[in-house]
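Just so you know, these numbers use all the heavy atoms, side chains as well, and skip hydrogens, waters and symmetry mates. Below, read A as the first sequence line, B as the second, and so on, with proteins coming before strands; counting in each chain starts at 1.
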Amino acid sequence: MLEIKNLKAGVEGTEILKGIDLIINAGEVHAIMGPNGSGKSTLAQVLAGRAAFEVAEGSVTYKGHDLLELAPEVRVREGLFLAFQYPVEIPGVNTTYFLRAAVNAVREHHGEAALNAVDFLKLMREKIELLQLDEALLKRSVNEGFSGGEKKRAEILQMALLNPTMAVLDETDSGLDIDALKVVANGVNTLKRADNAQLIITHYQRLLDYIVPDFVHVLYDGRIVKSGGKELALELEEKGYDWITNGELQTA
Amino acid sequence: MVAPANNAVDRLLAVLPTRGEGGASFAEMGFPTTRDEDWRFTSVAPIAELEFTAAEADAAAKLEGCIFSEIAGPQLVFVNGHFSNELSGVGELPEGMEIGNLASAAFKPCEAEDAFGALNAASFTDGSRVRVADGVCFETPIRVYYLSTGGDGATANIRNHITLGANSKATILESWTGADAAYFNNTITELSIGDNAQLEHVKFQDESTAAFHVAGLHATMGRDCRVAHHSIALGGRIARNNIRARLDGTGIEAVLNGLYLPRGKQLIDHHMVVDHLQPHCDSHEYFNGILDDHARAVFHGRIHVHKGADKTDAKQTNKNLLLSDNATVNTKPQLEIYADDVKCTHGATIGQMNAEQIFYLRARGLDEEAARRMIMHAFAGEIIARIGCPPAREELDRLVWDRLEDK
Ligand SMILES: Nc1ncnc2c1ncn2[C@@H]1O[C@H](COP(=O)(O)OP(=O)(O)OP(=O)(O)O)[C@@H](O)[C@H]1O
Ligand SMILES: [Mg+2]
């Protein structure tokens, strides 16, 4: 579904991603862990199409297309969704209005009729129940004044509404208490199907107790320095990143 | 022909009728220059260069296509500063309620703070007069239309006087529109709001982009009153709004909102002074502007918390969105605090579209154009949403939106 080959990207001449290789197939859940500043969010944002990051080398193929050629909005309409580490506040834009515009942009892309306000509300009520979100939030401006946890749940609500085939979750678990974490994980698991895939960026093994990954990768200084099964996350939790990075430095 | 500014005063006085000593006091002050601190960013030279004539009544004027037309209730219409009996209609009013024109009543104008005020006091022809007696709650919005049909240099001085008694309530919707010409409207509105009264005052200024509009709003407020003024400023080559609010009673809640959308070569200037004289008052000033082309905007907001005005809660923000590299904003929010235990905040921003916000919206499927429009709408909507009167709010929302779309 997603094939990243030797991806190098950065900002204004500074290389942040220094050659990433990653293949994600339908039905798989991948986790990326790695210390602060290793380039996890950069990878996520490059996949979503953030123009601030320049791709210097490499390729990304998504569903057989050259992903890097697509505008950000086309990527998400084609099912590649990013839940932001830091969701952006947009004062003055009503959340419900925004969500409907997003859903309808995706629907129209697939030749489906736009949902009217009533039908949309029905759909939205279904989804907010799943994420135990207070409906009052949806009357407010997008993310404005939302608590950290509310922002993260709102991201998953958007994911639920847009029903992506390839979801990238950038630290959706950070800042959540254990109850909120369960709700979010449950939401993510509910959206799991045999024909979609998830890439979960996280610092904490505890999320992976609820969303069980098929593969765990360690990103360090712009490279994937180790990959393994879900037991790798436990090992990381126990030993920290040093044992990998030291080893990496020794073999380098 | 460009006439020098220094004889603008004489040329004005030669064509306008004046009352009392007004003309002399106007002549003494003279037109402000950019050396005056209050006019530093707004040169009135283009006004002084007009070939002034006294704006005349026009029986052929029509109200067609004006805003708020779906709203029923009393309406006053002034054409070129003259009351139009034909176009106005007040209907049945409750006991203690008066709606009419000022010229037919005795009235003593408040003291002028600058030459435009002095000119207005000396030469106003007419304007609206609304009186709401103590305890009268008038729920129907009162609409006041100011039409200008004169040519270049046609000068009208308009004076409005609105008095709300204690425990009364009213909503006033003003509309300013005109023919495509360099006419000049100089207006002063005096608001006197009694104890525990409620007023919502919406000013929709959509003058010709060739015209000049200088306006003063002088509000005095009694204790526990709630006042909201909304300045929706779209028109005028130069449009200047002096807003003066005196919070001289305890427990007042004053909201002053502004939205300005200049483009082309327009200059829209809001100059606001809020005086907190008594404790336990709240004042909130929210001004947003969206500027395009070579447009300019000026925002000056001074909140003066006087000695003894403890527990004041004053918030002031001015946000500007620049759609063009050639647009400029001069903004100066100021706080002067001489009281204790106050909660005051102020801030101003000037910026292009926020790239992060646009990317976020695009990452949710909206194309770039839709994302930009959504953010722009939000910027304007933030101010419009504060208008309490639902039909006025909805119509202004649509109208402002259409205006932003057709660029
Ligand atoms: N816009 C930018 N301009 C300059 N440097 C940037 C920019 N964005 C990211 N970087 C740098 O790139 C590196 C990787 O950042 P990134 O946000 O991808 O890290 P991360 O792995 O997501 O970290 P965290 O765990 O803290 O979220 C950091 O050193 C960061 O400072
Ligand atoms: Mg990150």
Query raised in the report: For chain B, which residues of residues 77-87 of chain A have at least one non-hydrogen atom nearer than 4.5 Å to it?
Result: A:Arg77, A:Phe81, A:Leu82, A:Ala83, A:Phe84, A:Pro87
Query raised in the report: Above 12 or not: heavy atoms from other molecules or residues under 6.0 Å from CZ of B:Arg372?
Result: no
Query raised in the report: What do you reckon, is NZ of A:Lys63 surrounded by more than 12 foreign heavy atoms closer than 6.0 Å?
Result: yes
Report summary line: Nearest heavy-atom approach of B:Glu356 to A:Arg50 is CG-NH2, 3.5 Å
Query raised in the report: Is there any residue in residues 94-101 of chain A with a non-hydrogen atom under 4.5 Å from a non-hydrogen atom of chain B, and which ones are they?
Result: A:Tyr97, A:Phe98, A:Ala101
Query - B:Glu70 CD: over 12 foreign heavy atoms closer than 6.0 Å - result: no
Query raised in the report: Which atom names give the shortest non-hydrogen contact between A:Pro91 and B:Ala378, and what distance separates them?
Result: O-CB, 3.4 Å
Query raised in the report: By a 4.5 Å heavy-atom criterion (distance strictly below it), what part of A:Leu162 contacts chain B: side chain, backbone, both, or neither?
Result: side chain
**Report entry** A:Glu89 versus chain B, the contacting section by heavy-atom distance below 4.5 Å
**Finding:** backbone
**Report entry** side chain to side chain donor-acceptor pair (under 3.5 Å) contacts touching residues 319-333 of chain B (sequence neighbours left out)
**Finding:** B:Glu37-B:Lys332, B:Tyr260-B:Asn320, B:Asn318-B:Asn320, B:Asn318-B:Thr331, B:Lys319-B:Glu382
Requested in this report: Taking salt bridge (charged side-chain N to carboxylate O under 4.0 Å, His left out) as the test, write out the residues that go with B:Arg364, two or more places apart.
Outcome: A:Glu155
Report summary line: Most contact-rich option vs chain A, by heavy-atom pairs under 4.5 angstrom, among B:His377, B:Glu368, B:Met374, is B:Met374
Query - Partner chain A: residue of B:Asn354, B:Ile375, B:Leu361 with the largest heavy-atom pair count (under 4.5 Å) - result: B:Leu361
Query - Enclosure of A:Lys8 NZ (heavy-atom neighbours >12, cutoff 6.0 Å) - result: yes
Report task. Name the member of A:Pro72, A:Ala71, A:Ser141 that forms the most heavy-atom pairs with chain B at distances under 4.5 Å. Result -> A:Pro72
Query - Under 4.5 Å from a heavy atom of chain B, the part of A:Val103 involved - result: neither
